[in-house]
Amino acid sequence: MRRDRSSRVPLRRSLLGRLLGVSALVAACSVAATAWLAVQTTSGAIRQEQGQNLAADARIYDTLLGYAARHPTWDGVDATVRELAEQSGRRVALTTQSRQPLADSATAATPPALPPEASAVVDPLSVDTVLAARSTEVKGTAADRIDPRAVGPFLLPAAERSALRRTADRQAVCLNRVGIAADVVVGPSGRPRVQMVGNDPERAAGTRCDPSDLDSPTPTEKKALTALNGLADACLKRQGRGEVRLNQDLSWGGGVAVPVPGPARPTPLPGDAREAAPAPAVEPPREFTGADDRAIASCVGTARSEQLSSYVASPALLFIGDEGGATVPGFDLSPSNTAKIAGAAALVLALTVGASVLAGARLVRPLHALTGAAQRMRDGQEHASVPVSGDDEIGRLAAAFNDMSAHRARLEEQRKAMVSDVAHELRTPLSNIRGWLEAAQDGLADPDPAFVSSLLEEAVQLQHIIDDLQDLAAADAGVLRLHPEPVRVGELLSQVAAAHQARAETAGVTLTVEAGAVAILSADPVRLRQAVGNLVSNAVRHTPAGGRVTLRAYGEEAGRLSDGAGEVVIEVADTGTGIPAGDLRHVFDRFWRAEKSRSRRTGGSGLGLAIVRKLAEAHGGSVSATSTEGEGSAFTLRLPASGPDGMTTAS
C-alpha cells in the first residue's frame, strides 16, 4: 500500500504551519499597532488638553491684565473672575503678593488650598511675554514689557477724542475719495489713527489727505509726555547724562525732528483754497551712542513705570487649576511601563499562538482524512466516506466529498455495466455474422438469398447499435448538432406512422394518428422523427397482437392544438404489457430492459429511450413516461414551440 504523502509534508509547507505563521504575524502586528496607537492617542490627547489649557490660561491672563491696566485697584474684579472661570471651566483665583485673597471662583464653602506656585503674576507694568496675548497697539522698544492698555495720564478726555475723531474721519473720507482704502482705528488711550489697507503710508504722500496731521499731540498728551520726559531726565541726570527730548511715540534721537509745541494746524480738504500753515520750528536732532541709547531706554522704562504706578492695579498672583485641585497626568514610558507593555504583548502573542494551534489542529485533521480518501480513490481502491464532524465549511466539504465519491462509484458501476452491455450487444450480431460466414466457408451453408438476407439483417442491427452509441456520445459531449426549421407536427406524425406501418401490421398492432388541428413548431425534423420513431418502435415491440398504438399531438392549453402555443406535446400510447412501477424510473437508462430474456427476440438494444431523452433535452424540452402494468404505457414528449435556439413559430 502506498504511504500517505500528507504525513511527509514539512511544517513550513503545511497548512498548519502557514496558519501558525500567519496567526503569529497578525498577533505581533496587532499588538505593535495597538501599543503604538495607544501611545500616540494618549500623548496626542495630553498634548491637546495641555494646549487647550494653555490657550485658556493665556485668555484668562490677558483679560485680568487688561483689567489691571485700566483700574487703579482690584476692587470689583470678582465678577470678571467668575465669568472667566465659567467660560474656561476651571478655578481662577487672585491674591496679593503676600497671598491675601482678592478674588476666587471656587464655589465650595471651604475652597481647596491654593498650590504653592502661582500660575503667573498679573502686573501690567511687567508683562509675562509667554502668556500675554499682545494686541496690535503695542508701542515702544522691543524690550518694552508694559501692557499697551496701561495709558495712565495719556488717556484722552472726551473733547480731545471727539476732535481727533472728526479729523481722522475727514482724512479717511479724503483717502477713500482718491482711491485709497482707509479705516479709522482707535487705540487704548482713545487716540484715533488712520490705517490704510495695504499698510503703505507713502501712497498718501502725493495727495492732500496726508494722515500725518493726526500725529500732533493734544494738550493732555503734551502734559503727560512733559511729565514723563522730566522723570526720564531726572534718571539720566542721576547717571551723569544729558537730557533727552522724547517724541510722542516715546522714541528719541536717530535723526527724528522734534516739533516745538504749538497749536495744531487744520487739515486742508481737497480743493481748499486756504494756504497751508507754516511748518512748526524744529530742533536739530542729537546724536546718541549705543551706551546712551541703552541708558535712555532704561530710564524711559523706569519713568513710565513710575508715572503709571498710580493708575494701574498693584501686582497680583494668579492661580489657575481644576475645581477639585486635580491635575492632568502625563504619560511616562518608564522601564516599568515598557516591561508591562512587553509582558502584555507576549501574553497576547502566546494566547494567539495557542488558540491558532488548537484551531489549526482541528482544521487540519479532517483535511488529512479527505486527502487520504482522495489518494485511495486515485490509487483505484474502493471509495470510503470520511466522517462529517459538523455543519461548518469543513463539514460541508466532507459531505460534498462523500456525495462525489458515491456518485463516482455509481458512475463507475454504470460504466462497467455499459461496457458489458455494449460488448454483449456487439458480440451477438458479430457472432452470427462470423458463424454464417464460417459455415459458408466450410461448405455447410449455401450463399443463397436467404443467407445474404440474414447477414444483412445482422449488419443492420450492428449498424443501428453503433449509430445509437454515436448519437449518445455526441449528446453527452454537447456537440449534437440541430438544424431547426418550421415543422408541421401532423405531417411528421403521419410520416413516422407510415414508416412503421408495415412492422405494426406484421405484429398485428393497429397504428393510428390523432393530430387534430395542424400545429407548427421549430425543430430539427430528422432528429424529431428519430425520437418519435424510437417511441413508436418501442411501443410496437411491447404491444401484443390485437393491441393499439396511438400518436397524439396537442397544444399545452386546454388540451388542444393551436398555432403559436408555448409548448407542443407529442404522446405515444400503447395497450401493451406495461411497466412495473418500480422499473418506471429506469426506462430512460442506457441498456435497461424490463425483460432481459426478450432483448434479442424484440430486437431492442436498450438505447432507444435514452436517445429520446437526449434529443428532447437538445430541443429544450423533456420526456416522461406513465404506465399501468397489464394495461399499457404512454410516453409524452414536450417541446417548446419556439425551438431550441429561440426561433419563433411560423404560420
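All figures in this text were calculated on a predicted structure; none of them were measured in a lab.
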Does the pair L64 and L318 meet the rule for a side chain to side chain contact (heavy atoms under 4.5 Å, CB included), with working shown?
CA-CA 9 Å; L64 294 176; L318 173 63; 3.6 Å; yes
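- Here K222 contributes atom NZ and N229 contributes atom CG; the two are 14.0 Å apart, rounded to the nearest 0.5 Å.
- When side chains are defined from C-beta on, I320 counts as touching R90, because their heavy atoms get closer than 4.5 Å.
- In the displayed structure, E117 atom CD is contacted under 6.0 Å by at most 12 heavy atoms of other residues, nucleotides or ligands.
- The closest donor-acceptor contact from the side chain of S405 to the backbone of F401 lies at 3.5 Å or more, if one exists at all.
- The minimum heavy-atom distance between P153 and Y311, with the atom names listed, is CD-CE1, 3.4 Å.
- Among pairs with a residue in residues 101-115, those fulfilling salt bridge (charged side-chain N to carboxylate O under 4.0 Å, His left out) read R91-D104, at least two apart in sequence or across chains.
- For T110, the side chain to side chain donor-acceptor pair (under 3.5 Å) criterion is met by no residue, not counting sequence neighbours.
- At least one donor-acceptor pair closer than 3.5 Å links the side chain of R161 to the backbone N or O of L156.
- Proximity of a side-chain donor or acceptor of N176 to a complementary backbone N or O of A172 within less than 3.5 Å is detected.
- Proximity of L84 to Y61: side-chain heavy atoms (C-beta onward) are nowhere separated by under 4.5 Å.
- Partners of E83 according to the side chain to side chain donor-acceptor pair (under 3.5 Å) rule, which considers only residues two or more places apart in sequence or in another chain, are Q87.
- With salt bridges taken as basic N to acidic carboxylate O contacts below 4.0 Å, none links R70 and D147.
- Across all their heavy atoms, A69 and V312 have their closest contact at O-CG1, 3.7 Å.
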Between S251 and L246, is a side chain to side chain contact (heavy atoms under 4.5 Å, CB included) present by the stated rule, with each step listed?
CA-CA 6 Å; S251 62; L246 297 177; over 6 Å; no
With side chain to side chain contact (heavy atoms under 4.5 Å, CB included) as the criterion, how do Q375 and T371 come out once you've worked through the C-alpha distance, each side chain's angles and the decisive distance to 0.1 Å?
CA-CA 6 Å; Q375 289 176 343; T371 303; 3.9 Å; yes
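- Here Q307 pairs with nothing under the side chain to side chain donor-acceptor pair (under 3.5 Å) rule; sequence neighbours left out.
- In this view, T220 and E160 satisfy the side chain to side chain donor-acceptor pair (under 3.5 Å) rule, not counting sequence neighbours.
- R304 has its side chain within reach of L250: a pair of non-hydrogen atoms, C-beta onward, lies under 4.5 Å apart.
- Distance alone, capped at 3.5 Å, places no donor-acceptor pair between the S298 side chain and the R294 backbone.
- L175 and A182 make their closest contact through CD1-CB, 3.8 Å (heavy atoms, listed as atom of the first residue, atom of the second, distance).
- Across all non-hydrogen atoms, the minimal contact from W252 to D293 is NE1-OD1, 3.1 Å.
- Side-chain contact between V151 and L308 is absent, with no heavy atoms from C-beta onward closer than 4.5 Å.
- With sequence neighbours left out, the salt bridge (charged side-chain N to carboxylate O under 4.0 Å, His left out) criterion links D169 to R165.
- At least one side-chain heavy atom of L317 sits under 4.5 Å from a side-chain heavy atom of F319.
- When every heavy atom of Q171 is checked against every heavy atom of V194, the shortest pair comes out as CB-CG2, 3.9 Å.
- Between I146 and V127, every side-chain heavy-atom pair lies at or beyond the 4.5 Å cut-off.
- Atoms CD and CG, from E306 and L228 in turn, are 9.5 Å apart once rounded to the nearest 0.5 Å.
- By the 4.5 Å heavy-atom criterion applied to side chains, Y67 and L94 are not counted as neighbours.
- In summary, D123 and R145 do not engage in a salt bridge, as defined by a charged side-chain N under 4.0 Å from a carboxylate O.
- At least one side-chain heavy atom of S88 sits under 4.5 Å from a side-chain heavy atom of I60.
- One distance of note links CZ of R193 with CG of D183; it measures 10.5 Å at 0.5 Å rounding.
- For E221 and R191, the salt-bridge test passes: some basic side-chain N is under 4.0 Å from an acidic carboxylate O.
- Atom OG1 of T218 sits about 11.5 Å away from atom NZ of K223, to the nearest 0.5 Å.
- Between L114 and A93 the shortest heavy-atom distance is CD2-CB, 3.9 Å.
- To the nearest 0.5 Å, the span separating CG on L236 from CZ on R241 amounts to 7.5 Å.
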Run the side chain to side chain contact (heavy atoms under 4.5 Å, CB included) test on R238 and C299 for me, step by step, so that the C-alpha distance in whole Å, both residues' side-chain angles and the decisive distance to 0.1 Å come before the verdict.
CA-CA 10 Å; R238 289 192 294 269; C299 286; over 6 Å; no
